[in-house]
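Have a look at the structure below before the remarks.
Nothing here was measured: the structure is a model prediction, and the numbers come from that model. All values below were derived from every heavy atom in this structure, side-chain atoms included, with hydrogens, water molecules and symmetry-related copies excluded.
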Amino acid sequence: MAEAADFQGTSPSPARRWLRRTGAVLAGTPLLAGLLQLPAGSSAEAAPRAASDDGSVAVSVDSLTPSAPSDGDTVTVSGTITNKGKKAVTDASVGLRVGSLLDTRSSIDTVAKNSADVDSPVGAEIDDKYTEKFAKLAPGVSQPYTISVPADELDLGQDGVYDLSVTLTGETSDQPWEQTLGVRHTFLPWQPDDLDTKTKTTFMWPLISTVHMTAETGSDEEQTPVFHDDELAAEISPGGRLDRMVALGKDLDVTWVIDPDLLASVEAMTTRYEIPGQSADDKNVVGGHQEVAKRWLTEVQKAVADKEVVALPFGDPDLASLAHHGTSVTGSLRHLKEATDVAARTVESILHVAPSTDYAWPVEGAVDPSIIKVSTSAGADKVIVRGDTFESGRDLTYTPTAPRPIGGGTTAVVTDARLSTVFDGDMTRASASSQAVQRFLAQSLTLALQTDRPRSVVVAPQRTPSAAQAQTMAEAIGTLQDSTWSQPQDLTAAAKSKPDPAAGTEVPPASAYPKSLRKQELPRSAFEQIARTQDKLDRFKVILSDQSRVVTPFGRALNRGMAASWRGRPAEAAIYRSGVETYLDTLSGQVRLIEKSETKLSGRSATIPVTVQNNLVQGVEHLVLRLSSTNPTRLQIDGNAYEEQPVAVSGGHSQSVKFTTNANANGRATVIAQLYTQDGRPYGQPVTFDVKVTEITATVMLVIGGGVLLLVLAGFRMYTQRKRAAARQAGEREQEDAADEADADADADADADAKNPEASGRRPTQESAPDAREDTPEQPSDPAPDTAPESADPSGTGERVDR
């Protein structure tokens with residue numbers, strides 16, 4: 001960052017130069033006197049001994065309270081001293097020394113770099129009564145110390161940051177004179193009165209984790225999620241990293257920067273989830289994490305209430321990797337757009353706050369033109385950039401304000417590099433944590449004293465701070481928010497503040513992108529695999545009756561495959577992406593054609609069934625089954641080379657689809673069955689089988705034809721016989737009717753003769769009629785008096801049988 005006295009051609013004020021030179025002369029006077037008093041034979045050995053004994057006693061500053069003292073306060077410094085040498089240290093004394101005023105930010109960096117250098121300048125020791133004595137320090141032994149000094153006794157004059165040193169002096173058997181054997185430099189901010197123009201400071205508080213959820217879900221109605229590990233449960237459990245982040249952040253005035261994937265993953269844990277290969281005992285433990293997940297989400301909701309929340313794209317995609325390797329792969333930017341679109345919905349549905357999605361945050365804030373272009377392609381118009389990768393501006397003697405317009409309606413929100421990186425490293429040691437807090441406050445105060453211009457400063461720490469780092473950050477922010485030189489501000493207000501016209505706005509070229517970061521990027525093959533998986537998903541989802549059961553979990557898994565958290569873990573990233581693709585292949589394979597063996601056709605035409613099996617829990621539709629003949633001259637499908645039929649199969653069922661075939665010649669023909677989606681894209685693997693056609697011979701055809709002819713003739717004969725029988729029966733009825741009429745006429749004539757015999761010319765006696773009737777001969781056509789019963793035996797050969 002640009003700052004006073006850190007550029008060529010700038011220097012401290014004349015008064016400060018005079019004070020510094022005077023202090024240096026006064027500090028050097030005792031040293032010169034000591035050298036003059038040394039024996040002649042010892043003077044040559046003094047320098048080598050000082051070099052060899054450099055840091056022989058380690059001094060740590062584990063606590064400095066208050067971190068930024070004011071008038072009337074008592075400064076208390078505590079820590080440990082450890083003899084690292086082989087000789088015992090006698091007459092040891094631990095004291096405080098106030099060094100020179102550190103009026104530039106680079107001078108603070110220099111002191112921090114050499115914080116344990118016994119040869120670095122230190123001021124005069126404070127009154128001897130504010131020291132702690134140790135008669136003897138044995139080798140390898142540590143001793144605690146605590147020194148309390150009223151702030152008024154420190155002789156702090158001008159406002160600013162002072163080099164405060166804790167030194168240990170003592171003697172050893174081979175160097176029996178008082179000397180400095182250990183030192184630890186730290187920083188003492190001194191600003192007892194409020195500044196007229198306070199710096200507005202924004203601190204981004206990230207809630208981001210690594211990838212934990214897979215694309216796999218259970219077959220139950222709730223779609224039980226599957227996690228590839230149980231590390232997230234440890235992070236949100238009491239004392240875990242994310243638990244500490246929420247507990248510490250809720251009392252701070254910070255801007256929450258959240259990856260929606262983290263919230264979605266924890267929400268998935270609130271019901272029931274599974275981990276592959278877990279035992280029964282593991283399942284009980286997993287079930288117990290439901291309450292932990294519910295509690296954590298409740299705490300997050302309370303923490304972010306009335307606070308600004310920034311939602312990153314779902315999964316926190318690696319924007320630099322996408323810009324450098326993914327844009328040439330079709331569809332890669334589509335995933336970034338989907339991740340951005342789903343981010344706001346996810347955060348709002350879980351936390352019940354409306355987040356801002358206007359920000360893009362590349363890894364470590366490093367950018368080049370391609371990263372800026374990708375970052376804004378999904379709708380973000382503000383890119384969080386770190387100051388050490390962005391031009392500060394020419395001829396500036398101060399750190400400029402954060403927002404920089406870089407063209408195209410895009411604003412680069414430039415974060416302060418020194419403040420953002422001070423919490424990197426191991427903060428589990430109290431000494432490291434204390435040093436980070438004091439250095440953070442020192443840099444902030446020095447920045448504030450650079451100019452009276454109103455400025456907005458943004459701090460963007462590491463993406464996934466450890467619990468110890470979070471604790472250190474919270475301590476520093478808490479002190480800063482109560483300080484006399486700074487006031488909190490949210491990120492949106494900082495981005496909207498008036499830009500400094502003298503600040504640089506040129507985006508660094510691609511050649512300036514850090515090589516160390518480029519080596520950790522996702523390769524092009526990663527985006528190719530994601531694109532391949534997306535293509536398979538597009539083909540699979542169109543056949544599903546309930547697409548959401550597949551599209552949602554796989555879509556989110558593809559977003560996770562681009563996560564920035566995969567940096568430095570290429571093997572794990574490749575395993576995750578392959579797992580997503582393999583599981584999708586497994587699901588797609590649940591809808592398939594059943595293999596068929598050779599089929600035989602004994603005739604000119606026949607029906608061939610092809611079975612479609614659906615082992616999914618949901619139905620499939622919008623499929624077309626095509627049966628094709630590779631030799632249409634020998635075998636046709638419904639008179640053509642192929643035939644298609646629509647297919648719809650319920651979940652867990654199979655369906656046979658029948659095709660009519662026509663054979664034109666004997667022999668073997670190969671047939672191919674293939675499923676297609678309605679847009680004509682092949683689905684699944686084809687099934688190929690042979691159809692053997694056996695043509696019917698001429699002799700058999702003649703016999704069959706003769707049999708058919710006999711059946712026709714027999715039918716015709718039966719018809720004519722029935723017709724003749726019907727005609728004969730009609731004639732007999734006519735004869736019977738005529739005979740009845742004749743008898744009736746005869747009876748009428750007889751009645752007439754009886755009444756008038758003379759008229760008739762005959763004279764019959766009374767017996768003549770009956771006697772004459774009895775003597776009449778039998779007519780052949782008359783029936784016999786006793787007819788034999790009809791034989792039940794079959795008719796003889798040649799007999800006609802009327803049916």
Give a yes or no answer on whether the side chain of [X] reaches the backbone of [Y] with a donor-acceptor pair at less than 3.5 Å.
X: Q590; Y: G652; value: no
X: Q674; Y: G684; value: yes
X: E299; Y: D243; value: no
X: H228; Y: V211; value: yes
X: E595; Y: V687; value: no
X: N614; Y: Q618; value: yes
X: T255; Y: L491; value: yes
X: T357; Y: T340; value: no

- request: Test side chain to side chain donor-acceptor pair (under 3.5 Å) on S209 and E235 and set out the steps.
  value: CA-CA 9 Å; S209 184; E235 286 193 300; 2.7 Å; yes
Check: Going by atom types alone, do T670 and D690 pair a side-chain donor with an acceptor below 3.5 Å?
Finding: yes
ask   = Do you see a donor-acceptor pair shorter than 3.5 Å between the side chains of N631 and S629?
value = no
Quick one, T492 with D490, criterion side chain to side chain donor-acceptor pair (under 3.5 Å). Give me CA distance, side-chain angles, the key distance, then yes/no.
CA-CA 6 Å; T492 298; D490 62 38; 4.8 Å; no
S328 vs R524, test: side chain to side chain donor-acceptor pair (under 3.5 Å). Steps then yes/no. CA-CA 9 Å; S328 59; R524 174 185 171 87; 2.3 Å; yes
Handout entry: Test side chain to side chain donor-acceptor pair (under 3.5 Å) applied to S433 and T472, step by step
Key = CA-CA 6 Å; S433 177; T472 305; 2.7 Å; yes
Quick test of your reading of the model: are D316 and R463 salt-bridged, counting only N-O distances below 4.0 Å?
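Judged by the 4.0 Å cut-off on N to carboxylate O distance, D316 and R463 do form a salt bridge.
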May I ask you to say whether R577 pairs ionically with E581, meaning some side-chain N is under 4.0 Å from a carboxylate O?
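Salt bridge: no.
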_Over-ring placement of R626 relative to Y676, 6.0 Å and 45° cut-offs_ =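 Yes, R626 sits over the ring of Y676.
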Taking the six-membered ring for Trp, are F554 and Y583 parallel (under 30°), tilted (30 to 60°) or perpendicular (over 60°)?
parallel
